[in-house]
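Any value given below was found using the heavy atoms of this structure, including those in side chains, with hydrogens, waters and symmetry copies removed.
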Amino acid sequence: MARQRSFATRLCYLNVFLAIASRCLLVLSEPILQKSTSSILAGPNRTVPDYVKRYAPLVWLHSEDPFRPADLLQHIRHTTPTANQEPVSDLPNLDLNNLALLNNVSSGQVALTSNDDVTALPDWLLGQLPDASGRIVNATPCVVILVEQSPRDVDAFFFYFYSYDRGANITQVLEPLNRLIEDTEHGMHFGDHVGDWEHNMVRFRDGKPNGIYYSQHSGGAAYDWDHADLSMKDGRPLVFSAYGSHANYASSGDQIHDTVLVDYCDAGQLWDPTLSAYFYHLEPTNFTLTRLFPSATALPGTPDLTSFFYFTGIWGDAQYPDDHPLQKTVPYFGLKRFVSGPQGPIVKQLVRKGLFPDQRERKPWLQWAVGVFMSWYPCCIRGWRKWVSCTAVIGLVVLVALGVRHTVKSYRRKGYKRIESDIPLEDLSERQRL
């Protein structure tokens, strides 16, 4: 009986423990279950979540950069669609709500080509400065796209648009390669193009940021949210937009990119992109874009303005041919003064596993070779070191040649053995008869 009572008592305790554990598990999982059924689009009036604006980047524009953030619609209105350097005919007036119809042009990829000589720097090409509050008035140069990777995980892309990108010149090329570039055009920049898209991406988990990506030319940099290299202002990450190129960096000062070029960053004018932006939600499975609004007071019937996102052409002139009067070529490297403008946000890998794009842009062989050279230059090629390196290379070649010669001789000695005695011809004929 005692054993039966002891077993019953233990069974009772076990049932109580299981009941309490089940209740605790239900309580702990309740927020997750609630999050699993929520969606940004389920909110009232398609309102942008507060956390997106609370942790949105703030951009420091360079103090001397003449090319400021530019209005998307004004850029379209000051360009003409061309394909293969020829204007596209029979088009309606283009805007943000019908730009994607240019994808149907059969004569080739469409380029939004400037109506003006870009070297004259017309006003629309220069964009606008923000005011003291960080707002750019009467212009919308920012596009914010929210991608729900899961009910708990959201990637917020902050795209910044500029009507012109000024590339590097000889003063931005590190030694010794700067000696190979002739400054015949008195500081000519190379790699210039009409239209420029740059971006940051902030990754959120349950409404809390845990990482940020900075686009920089053909690559970029990524940081955890608590990384020591990040600068913050009121909980928002600071972004330093480089002079001319508008590449995004986490700190001020000179920044090396592509191993041989320098970007200049400083805290010139502070811009809050979210104060002058279009907001959208992107469904990652079918790439459906839906417009969102920064507040619940959006007017009914506001146009969606989504067509521009699906435009797959380039947001600037196509690269000028070599015989164009404005085109120049950098000696030895083949770099062009004017190159093609970029494509828009649709090609920026908005659905990605990590902070970096899943597919990195491949470097041309020349850029790879320059990278190898510059990695060796400080330690092995600079100054007197080049003579030591040349001597070492010559010594290595000599050693390899001697090693190959020794190996060949050894092989010949082992492969061929001299016969010391001669065999009479009569013996050979006798053997053949047998």
Side-chain angles (χ1 to χ4, degrees), residues 59 61-70 75 79 111-114 116-122 124-127 160-175 177-199 214-221 240-249 253-266 268 314-322 324-344 361-364 366-368 370-371 374:
V59 180
L61 302 173
H62 192 279
S63 57
E64 298 180 4
D65 190 354
F67 306 105
R68 309 298 187 176
H75 183 86
T79 60
L112 299 181
T113 304
S114 170
D116 304 291
D117 176 0
V118 295
T119 60
L121 300 182
W124 67 272
L125 210 64
L126 304 179
Y160 319 125
F161 182 75
Y162 307 81
S163 280
Y164 195 75
D165 177 294
R166 172 177 279 176
N169 64 13
I170 189 173
T171 66
Q172 296 171 260
V173 181
L174 297 178
E175 65 171 8
L177 296 185
N178 58 352
R179 303 170 195 167
L180 300 177
I181 300 177
E182 299 178 9
D183 194 14
T184 56
E185 298 294 327
H186 305 293
M188 180 193 81
H189 293 260
F190 47 89
D192 294 9
H193 55 82
V194 176
D196 189 21
W197 286 98
E198 298 291 345
H199 73 276
Y214 292 72
S215 69
Q216 300 164 359
H217 301 278
S218 59
F240 292 85
S241 179
Y243 173 90
S245 73
H246 310 121
N248 298 312
Y249 295 94
D254 295 353
Q255 310 287 347
I256 307 298
H257 68 92
D258 296 323
T259 68
V260 73
L261 299 175
V262 182
D263 269 332
Y264 305 127
C265 299
D266 69 13
I314 59 179
W315 285 74
D317 299 28
Q319 179 172 308
Y320 300 156
D322 290 346
H324 193 282
L326 296 179
Q327 188 64 288
K328 304 290 182 182
T329 303
V330 177
Y332 304 108
F333 299 99
L335 302 173
K336 303 298 181 181
R337 181 184 183 185
F338 291 102
V339 298
S340 296
Q343 292 179 273
E361 184 174 334
R362 291 186 176 181
K363 295 182 179 181
L366 180 59
Q367 186 177 350
W368 177 85
V370 168
M374 291 302 296

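Here the OH-CH2 distance, from Tyr164 to Trp124, works out to 10.5 Å after rounding to the nearest 0.5 Å. Interatomic distance, Phe67 CZ to Leu125 CG, rounded to the nearest 0.5 Å: 6.5 Å. Atom CZ of Phe190 is separated from atom CZ of Arg166 by 13.0 Å, given to the nearest 0.5 angstrom. Note that OG of Ser340 is 16.0 Å distant from CH2 of Trp315, once rounded to the nearest 0.5 Å. The CD1 atom of Ile256 sits 10.0 Å away from the CD atom of Gln172 when rounded to the nearest 0.5 Å.
Proximity of a side-chain donor or acceptor of Ser215 to a complementary backbone N or O of His199 within less than 3.5 Å is detected. With Gln216 contributing its side chain and Asn248 its backbone, the two residues share a donor-acceptor pair below 3.5 Å. Judged by distance alone, the side chain of Gln327 and the main-chain N or O of Lys336 form no donor-acceptor pair under 3.5 Å. When atom types are taken as modelled, the side chain of Asp192 and the backbone of Gly167 share a donor-acceptor pair closer than 3.5 angstrom. The main-chain N or O of Gly195 is found under 3.5 Å from a side-chain atom of His193 such that the two form a donor-acceptor pair.
Taking the six-membered ring where the residue is Trp, His75 and Phe161 present perpendicular rings, their angle passing 60° and hence far from 30°. His246 and Tyr162 have parallel rings, their planes meeting at less than 30° on a 0 to 90° scale where 60° marks the start of perpendicular.
Put simply, the side chain of Tyr160 does not reach to within 4.5 Å of the side chain of Leu61, judged on heavy atoms. Looking only at side-chain heavy atoms (C-beta outward), Asp317 and His324 stay at 4.5 Å or farther from each other.
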Problem - Val59/Glu198 under side-chain contact (heavy atoms from CB on, under 4.5 Å): CA gap, chis, key distance, verdict - result: CA-CA 12 Å; Val59 180; Glu198 298 291 345; over 6 Å; no
Problem - Worked verdict on Tyr264 versus Asp254 for side-chain contact (heavy atoms from CB on, under 4.5 Å) - result: CA-CA 5 Å; Tyr264 305 127; Asp254 295 353; 3.3 Å; yes
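Residues Cys265 and Tyr249 come closest through the heavy atom pair SG-CD1, 3.5 Å. Summarising the geometry of Ala242 relative to Asp65, their closest heavy-atom pair is O-OD2, 3.7 Å, with the distance given to 0.1 Å.
Remark: Asp117 pairs with no residue by the salt bridge (charged side-chain N to carboxylate O under 4.0 Å, His left out) rule, at least two apart or across chains. Residues satisfying the side-chain hydrogen bond (donor to acceptor under 3.5 Å, both in side chains) test with His257, not counting sequence neighbours, are His217.
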